[in-house]
Amino acid sequence: MKIDLAVLGRQFELYQEEYEEAALRVLRSGWYVLGPEVEAFEQAFAAYVGRKYCIGVGSGLDALTLSVRALGIGGRDEVLVPANTYIATVLAITANGATPVFVEPDAYFTLDAARIEAAITERTKAIMVVHLYGQAAQMDTICRIAKAHGLHLIEDCAQSHGAKFDGTMTGAFGDAGCFSFYPTKNLGAFGDAGAVVTDDAELAKTLRMLRNYGSEKKYHNKILGVNSRLDELQAALLRTKLGHLAELIAERERIAAAYLDGIQNPAIRLPKLRRNANHVWHQFVIQTEDRDGFQTYLADHGIQTVIHYPIPPHLSECYQYLGHKAGDYPVAEHMAKTVLSLPMFNGMREDEVQYVIETVNGYVK
């Protein structure tokens, strides 16, 4: 049996008629950029997360980058960020001229709240928390620290659509909640797309200008902006999928539950679930000390896996100028050497799930 990490076509087939109807509606409308579909999706997604405003942008990276810029962070400012995140989180900081200060992750792959205060300096302006793989970070503690030190809080929710901490949606805690709608996400578009949610009217106003060349009124440019606009087609498709997001998450939860119950191999460490939080399983990430051998074994049995992520940002070639070296963040570096994502996608058949479980259990180090 051959099983890919994700098969996006199956999710499309679940609601094919609705997607095609939405796409044709946009194509026939003659309005393709910043129109009624974007406005309707922004209202729907803001309500879903529990925030007042949503600003659709071109990608998750743009959501993060423009949020940092809109909050006035740059120059000599420092932003605390998890040492094990995807590099886009860090790129948003350095694109604005600020400096990333890495903090080790906890056992749940998210920012270790117990290590945050030790990393704060007089130059620290914000904490950028990442709800990695679909599980919410320890937001009660993180919010308390941010408030106590007068720091901005930015949430990278690229992988956590629908995840909650203590009943509150990720994206509803910080000054800005930043989402990616890349096709593989739980709420994925059919191309690049992203959004920022916030309760701050002035921040929302600034973000709307930034995404549209710095303009409120056409050809009247108040600030230095960019072109990062969620288009009408993606907005219509996303609003269609948003109506099914609860059932899509429930399906992933069933697959994850089968993995958690069925995988019983002492060489494999299963993901931990945080108390008072739910996991929406963007990825199902295990750890094993013989990661390369295990990945080869699975490939030989037709199971595709991916490493999320093999190189911590502080050791990436592009960030050599920061002066970090191997051993600076041992927890994150150990994760990079041991994590592996198993197949997880909507439309995954029960026989495929069972095959993965049986194959994993048959692995001998």
Side-chain angles (χ1 to χ4, degrees), residues 1-20 86 109 132-135 158-163 180-191 237 241 244-273 278-310 335-365:
M1 185 179 292
K2 184 178 184 298
I3 305 176
D4 292 331
L5 184 77
V7 183
L8 298 181
R10 292 193 195 171
Q11 186 278 132
F12 166 71
E13 291 166 358
L14 290 172
Y15 316 110
Q16 180 173 346
E17 290 185 6
E18 293 179 61
Y19 290 137
E20 291 175 350
Y86 180 54
F109 301 118
L132 198 65
Y133 305 144
Q135 182 158 214
Q159 302 181 5
S160 67
H161 315 75
S180 166
F181 302 126
Y182 187 74
T184 59
K185 309 300 186 186
N186 291 25
L187 181 60
F190 292 75
L237 294 167
K241 185 179 286 189
H244 297 288
L245 185 54
E247 58 203 81
L248 291 170
I249 291 173
E251 181 182 17
R252 286 175 176 265
E253 289 174 337
R254 288 194 296 272
I255 296 169
Y259 280 164
L260 291 170
D261 181 62
I263 294 175
Q264 299 178 14
N265 187 323
I268 307 302
R269 292 195 298 280
L270 296 171
K272 295 183 177 181
L273 303 182
N278 74 305
H279 201 315
V280 294
W281 303 105
H282 169 61
Q283 301 292 348
F284 190 94
V285 181
I286 60 89
Q287 288 181 276
T288 179
E289 298 303 318
D290 183 30
R291 197 261 311 283
D292 293 344
F294 180 56
Q295 187 175 35
T296 299
Y297 162 82
L298 292 179
D300 289 344
H301 286 78
I303 299 174
Q304 182 187 36
T305 56
V306 172
I307 303 167
H308 294 107
Y309 301 96
M335 285 181 177
K337 294 176 181 177
T338 58
V339 295
L340 192 67
S341 298
L342 299 182
M344 168 65 73
F345 57 91
N346 290 107
M348 192 174 181
R349 300 191 310 267
E350 185 176 348
D351 64 314
E352 292 174 322
V353 174
Q354 291 304 315
Y355 178 72
V356 172
I357 292 171
E358 292 168 6
T359 305
V360 171
N361 286 341
Y363 169 70
V364 179
K365 183 177 178 181

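Values in this document were obtained by computation on a predicted structure and should not be read as measured data.
Side-chain atoms of H282 do not come within 3.5 Å of backbone N or O of M344 as any donor-acceptor pair. Between the N186 side chain and the G162 main chain, no donor and acceptor come within less than 3.5 Å of each other.
Q354 and E350 share no donor-acceptor pair across their side chains, judged by distance under 3.5 Å alone. A donor-acceptor pair shorter than 3.5 Å can be found between the side chains of H308 and S341. For the 3.5 Å distance criterion, the side chains of R10 and N346 fail to qualify, holding no donor opposite an acceptor.
A ring-centre distance under 6.0 Å is not found for Y355 and H301.
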Problem - I286 and V339: CA distance, side-chain angles, deciding distance, side-chain contact (heavy atoms from CB on, under 4.5 Å) verdict - result: CA-CA 6 Å; I286 60 89; V339 295; over 6 Å; no
Exercise for the section: Take F181 and L237 through the test side-chain contact (heavy atoms from CB on, under 4.5 Å) and record every step on the way to the result. Expected result: CA-CA 11 Å; F181 302 126; L237 294 167; over 6 Å; no
Handout entry: Derivation and outcome, side-chain contact (heavy atoms from CB on, under 4.5 Å), residues V356 and L298
Key = CA-CA 9 Å; V356 172; L298 292 179; over 6 Å; no
Practice task
Just do the side-chain contact (heavy atoms from CB on, under 4.5 Å) check on E247 and L14 with the steps written out, would you?
Solution key: CA-CA 11 Å; E247 58 203 81; L14 290 172; over 6 Å; no
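Annotation for V353 and A258: closest pair CG1-CB, 3.9 Å, computed over non-hydrogen atoms. Residue K272 comes nearest to Q135 through the heavy atom pair O-NE2, 3.0 Å, listed as atom of the first residue, atom of the second, then distance. Between P183 and G191, the closest heavy-atom pair is CD-O, 3.5 Å. Of all the heavy atoms in V280 and R252, the pair that sits closest is O-CD, 3.7 Å. Contact record, P271 with L260: O-CD2, 4.0 Å, taken as the closest heavy-atom pair.
Under the 4.5 Å side-chain criterion, counting only non-hydrogen atoms from C-beta, T288 is not in contact with T338.
The neighbour count for F294 CZ, taken as heavy atoms of other residues, nucleotides or ligands under 6.0 Å away, is above 12.
Note: Y363 OH to Y297 OH = 9.0 Å, rounded to the nearest 0.5 Å. The distance from atom CD1 of I3 to atom CZ of F345, rounded to the nearest 0.5 Å, is 7.0 Å. Rounded to the nearest 0.5 Å, atoms CD1 (I303) and CG (D4) are 11.0 Å apart. Interatomic distance, OG1 of T296 versus CZ of R291, reported as 10.5 Å (0.5 Å rounding). In this structure, CG on L5 lies 9.0 Å from CE on M348, to the nearest 0.5 angstrom. Within the model, atoms CG of L342 and CG of L270 stand 9.0 Å from one another, a figure rounded to the nearest 0.5 Å.
With respect to E289 and R269, a salt bridge is recorded, a charged nitrogen being found less than 4.0 Å from a carboxylate O.
With sequence neighbours excluded, the residues that form a ring pair (Phe, Tyr, Trp, His ring centres under 6.0 Å) with F284 are Y259, W281.
Using a 30° and 60° split on the angle between ring planes, Y133 and F109 fall in the perpendicular class, above 60°.
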